[in-house]
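Everything quoted here is computed from the prediction, not taken from an experiment.
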Amino acid sequence: MRKKHLLCIGRVCLDISAIVNEMPEGDTKVFAEQSIYQIGGNAVNAALCAAKLGGETIRVHVHAAVGDEAPRIVVLRIASMSMIDGRSRT
């Protein structure tokens with residue numbers, strides 16, 4: 001059976017969550033124990049769901065502007081680990 005293709009076009013975001021032991025009070029600072037990186041945005045969220053639901057029967061592609069900075073590498077790595085075709089094109 002031939003794989004079907006799904007193209008998701010839209011926004012891609014990199015969400016960074018900081019895990020702390022306590023919330024800072026007033027004008028104080030606390031250090032993060034851990035950082036969690038996740039990709040999001042309408043195109044990526046739809047692509048992630050389709051990739052998980054479709055398994056081996058669908059090839060998912062995302063077309064979006066990502067940028068040329070370090071977060072781009074993180075976004076592309078997470079996308080490829082999630083079975084999303086996020087090949088970089090400049």
Side-chain angles (χ1 to χ4, degrees):
M1 180 161 108
R2 277 183 66 192
K3 283 189 178 185
K4 296 184 180 198
H5 292 261
L6 173 67
L7 174 61
C8 299
I9 301 171
R11 184 178 176 146
V12 175
C13 300
L14 178 63
D15 299 327
I16 304 170
S17 301
I19 308 300
V20 296
N21 287 329
E22 60 188 65
M23 292 297 293
E25 294 181 21
D27 195 21
T28 62
K29 296 179 183 179
V30 296
F31 291 96
E33 299 293 321
Q34 180 182 3
S35 296
I36 300 171
Y37 295 82
Q38 297 174 304
I39 54 176
N42 60 354
V44 171
N45 290 338
L48 286 170
C49 290
K52 288 179 182 179
L53 291 172
E56 296 296 319
T57 63
I58 190 168
R59 177 98 187 239
V60 181
H61 311 269
V62 174
H63 183 80
V66 180
D68 291 330
E69 299 165 2
R72 175 186 193 168
I73 296 167
V74 175
V75 167
L76 293 174
R77 275 201 189 135
I78 294 172
S80 68
M81 291 186 314
S82 303
M83 302 184 313
I84 297 174
D85 181 5
R87 287 175 280 177
S88 178
R89 293 184 180 87
T90 54

**Item:** Distance in Å, L7 CG paired with H63 NE2, rounded so as to fall on 0.5 Å steps
**Value:** 7.5 Å

**Request:** Have a look at I39 and tell me which of V62, V44, D15, N45 forms a side-chain contact (heavy atoms from CB on, under 4.5 Å) with it.
**Result:** V44

**Message:** Nearest 0.5 angstrom please: L48 CG to Q38 CD, how far?
**Reply:** 10.0 Å

**Request:** Determine, stepwise, if the pair I36 / I19 fulfils side chain to side chain contact (heavy atoms under 4.5 Å, CB included).
**Result:** CA-CA 8 Å; I36 300 171; I19 308 300; 3.9 Å; yes

**Asked** If you look at every heavy atom in V12 and A64, which pair is closest and at what distance?
**Response** CG2-CB, 3.3 Å

**Request:** Report the distance from atom OG of S17 to atom CD of Q34, rounding to the nearest 0.5 Å.
**Result:** 10.0 Å

**Fill in**
Interatomic distance, CD1@I58 vs CG@L53, rounded to 0.5 Å, equals 9.0 Å

**Item:** Nearest atoms (heavy-atom pairs only) where A32 meets A18
**Value:** CB-CB, 3.9 Å

**Message:** Quick check: closest heavy atoms across F31 and V20, and the distance to 0.1 Å?
**Reply:** O-CG1, 3.9 Å

**Prompt:** Which heavy atom of N21 sits nearest a heavy atom of E33, and at what distance?
**Reply:** ND2-OE2, 3.3 Å

**Message:** Using 0.5 Å steps for rounding, measure from the CG atom of L6 to the CZ atom of R59.
**Reply:** 12.0 Å

